[in-house]
Number of protein chains: 2
Amino acid sequence: MSQHRHPGAPGRAGAVPALPDLPEATVARLPEYLRALHNLAETGHETVSSEGLASAAGVNSAKLRKDLSHLGSYGTRGVGYDVALLIDQIEYVLGLTQRRAVALVGVGNLGHALAGYDGFVSRGFRIAALFDADAARVGEEINGLVVRHIDELPRVAAEEAIAIGVIATPASAAQSVADQLVAVGVTSILNFAPCVLSVPEGVDLRKVDLAIELQILSFHEHRKASLTALPATGGSALTALPGGLAVTDPQEAIGT
Amino acid sequence: MSQHRHPGAPGRAGAVPALPDLPEATVARLPEYLRALHNLAETGHETVSSEGLASAAGVNSAKLRKDLSHLGSYGTRGVGYDVALLIDQIEYVLGLTQRRAVALVGVGNLGHALAGYDGFVSRGFRIAALFDADAARVGEEINGLVVRHIDELPRVAAEEAIAIGVIATPASAAQSVADQLVAVGVTSILNFAPCVLSVPEGVDLRKVDLAIELQILSFHEHRKASLTALPATGGSALTALPGGLAVTDPQEAIGT
DNA sequence: AGGTGTGAAAGCGTTCACAGCG
DNA sequence: CGCTGTGAACGCTTTCACACCT
């Protein structure tokens with residue numbers, strides 16, 4: 001484990017201590033812990049047990065303790081974790097001690113909503129610029145920011161020190177936008193377009209696909225239905241193909 | 001190699017056949033394969049190899065083959081997969097042969113965008129109703145649908161056979177909305193509110209938290225920065241991390 | 001006593017590599 | 001041959017259970 005070191009400690013933005021090499025699964029949960037901790041802090045809690053924090057974050061306590069142990073974090077045996085200290089520590093590890101600038105590309109339906117989404121701002125980010133390729137949208141003001149043409153990306157990226165790019169364009173434009181973001185030095189991209197993007201090594205890419213989430217739920221609905229529909233028959237694990245499958249007729253030819 | 005099903009068998013009329021019990025990780029990728037397959041179909045491909053489909057879907061071919069093998073799916077050795085057949089099969093497994101009705105609760109910033117999001121409609125769903133608790137929003141028309149008051153949920157849920165609920169309210173309202181959805185029989189919920197929800201066993205719950213995605217990216221930005229900031233020693237060995245994911249996803253360079 | 005930190009075990013998911021079919 | 005389907009190996013994640021600290 002590491003030695004005593006005060007994480008978000010004031011000053012010293014330059015000499016960054018090496019970050020522990022956290023498992024991805026742990027990294028993905030830290031933001032959830034952080035949110036729970038902020039709630040606890042607001043409600044006056046000064047310490048919290050692994051059990052308490054775990055339930056606030058929707059995980060079990062063993063997992064939480066293991067996750068926090070990777071940070072080399074300090075709980076106090078017999079007591080729990082210091083809420084404020086843990087907040088500092090997680091915010092430090094997540095790199096939230098600096099408010100990173102986000103560029104949002106594509107101000108259509110979804111982009112509009114993202115541009116106005118409070119959660120980005122309230123949880124450590126700054127939407128620094130909006131872009132679109134559609135001249136009709138350039139100049140529009142959303143939430144205090146003016147939509148710029150994508151061609152201005154190079155200039156603005158430098159001025160604003162853009163750290164993260166968010167793609168909310170149609171799928172057809174997404175790869176090109178990603179390329180442009182990479183070209184101006186952005187190394188983290190969040191993609192909302194329903195398509196696979198390829199980026200060079202060293203660039204982090206995450207994807208959110210809203211329809212996919214629904215389709216996963218649909219699978220479970222389907223499975224639940226097929227289970228309850230079955231009497232306890234020998235469970236012939238037969239999968240039938242549609243062909244002339246009953247139910248509603250498919251209206252396929254879906255696509256984008 | 002147990003009694004493996006032979007899918008092709010057209011369904012027995014009426015009774016829904018039991019679905020194979022797929023690994024969650026596989027389920028989560030099927031929608032991606034489906035999207036890639038639709039693209040291939042539109043561009044005139046009739047068959048595709050595991051290699052080809054895998055790269056279109058952003059995974060490696062071993063994973064793809066393993067996933068499809070869980071469906072008991074047919075490829076033809078030496079040839080590949082029949083695109084149209086595979087589309088049918090995946091759509092069947094995901095339960096997309098019926099267009100499920102979705103209720104969206106909360107038409108604020110994000111809810112507005114979701115209500116107008118084409119992807120839901122084009123990929124197998126029907127937004128059947130919009131709800132909000134704010135009287136000022138009730139009556140507003142979005143994308144051809146009128147916003148109703150949440151109190152009407154019971155009546156509307158029955159009329160429209162709501163299968164999936166989407167929560168896009170502030171965190172403070174989300175648990176109450178979830179309870180109401182569960183009460184009217186909804187067994188699948190997609191939550192966009194940044195909070196932990198609790199639902200009874202048997203109800204499927206998925207969560208999308210946009211700020212969390214950014215925070216995960218922020219961590220990797222922070223880590224990259226701390227590595228490059230490191231004095232020479234060992235630093236270079238670490239940046240390139242051989243054999244593997246220095247980054248979030250095995251989303252490697254895929255040629256397109 | 002109370003609760004964290006952590007080896008060890010169990011469980012999943014991914015990757016490898018190749019048998020075997022078309 | 002080419003390519004699928006799949007056992008077996010591997011690595012990551014979760015869970016367990018308890019030593020150890022306060």
Side-chain angles (χ1 to χ4, degrees), chain A residues 1-4 20-30 32-33 37 45-83 85-86 89 216 239, chain B residues 1-8 20-30 32-33 37 45-83 85-86 89 216 241-252 254:
Chain A
M1 84 160 87
S2 354
Q3 10 189 283
H4 259 269
D21 204 349
L22 306 175
E24 261 308 301
T26 295
V27 173
R29 282 186 295 263
L30 290 180
E32 199 68 59
Y33 302 156
L37 284 164
H45 296 72
E46 298 198 344
T47 64
V48 64
S49 68
S50 66
E51 196 64 57
L53 179 52
S55 86
V59 302
N60 69 51
S61 61
K63 196 184 287 184
L64 178 110
R65 286 200 304 278
K66 179 75 83 177
D67 282 341
L68 294 188
S69 78
H70 285 121
L71 310 184
S73 147
Y74 328 162
T76 310
R77 296 181 195 224
V79 178
Y81 300 92
D82 182 291
V83 171
L85 179 64
L86 201 46
Q89 196 149 350
I216 294 171
T239 311
Chain B
M1 55 145 69
S2 39
Q3 66 286 31
H4 243 318
R5 58 257 160 184
H6 262 204
D21 205 348
L22 306 175
E24 263 308 303
T26 296
V27 173
R29 283 186 295 263
L30 289 180
E32 199 69 59
Y33 301 156
L37 284 163
H45 296 72
E46 298 196 345
T47 63
V48 65
S49 68
S50 66
E51 195 65 55
L53 180 52
S55 87
V59 302
N60 69 50
S61 62
K63 196 184 285 186
L64 178 108
R65 287 200 302 280
K66 179 76 84 177
D67 282 341
L68 294 187
S69 78
H70 286 121
L71 311 183
S73 150
Y74 318 165
T76 310
R77 291 173 198 236
V79 178
Y81 300 91
D82 181 291
V83 171
L85 179 64
L86 202 46
Q89 197 150 348
I216 295 171
L241 265 186
L245 49 170
V247 290
T248 15
D249 270 351
Q251 181 92 24
E252 328 202 321
I254 316 148

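Throughout, a chain's letter reflects where its sequence line sits, starting with A, and its residues are numbered from 1.
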>> Of the options dG5(D), dT14(D), dC16(D), whose atoms approach the side-chain atoms of Ala62(A) most closely?
In response: dC16(D)

> Counting side-chain heavy atoms from CB outward, which of dG7(C), dT13(D), dT4(D) is closest to Ser49(B)?
Replying inline: dT4(D)

> In Å, rounded to the nearest 0.5 Å, how long is the span from OG of Ser50(A) to NZ of Lys63(A)?
Replying inline: 13.5 Å

> Given dT15(C), dT13(D), dT22(D), which nucleotide is nearest the side-chain atoms of Glu24(A)?
Replying inline: dT13(D)

> Thr76(A) side chain: which of dT13(D), dT22(D), dT4(D) is closest?
Replying inline: dT22(D)

>> Over all strands shown, is Ser73(A) touching base, sugar-phosphate only, or nothing at heavy-atom distances under 4.0 angstrom?
In response: sugar-phosphate

>> Counting distance alone, no hydrogens or angles: does the base of dG2(D) have a donor or acceptor under 3.5 Å from a partner atom on the side chain of Arg77(B)?
In response: no

>> Is it the case that over 12 heavy atoms from other parts of the model lie below 6.0 angstrom from the CD atom of Glu46(A)?
In response: no

> Quick one: OG1 on Thr47(B) to CG on Leu85(B), what's the gap to the nearest 0.5 Å?
Replying inline: 12.0 Å

>> Using the side-chain heavy atoms of Tyr81(B), tell me which of these nucleotides is nearest: dT15(C), dG5(D), dG5(C).
In response: dG5(D)

> Out of dA17(D), dA8(C), dA8(D), which nucleotide sits closest to the side chain of Lys66(B)?
Replying inline: dA8(D)

>> Using the side-chain heavy atoms of Ala25(B), tell me which of these nucleotides is nearest: dG5(D), dT13(D), dT14(C).
In response: dT14(C)

> What is the distance from atom OG1 of Thr26(A) to atom CG of Leu71(A), rounded to the nearest 0.5 Å?
Replying inline: 8.0 Å

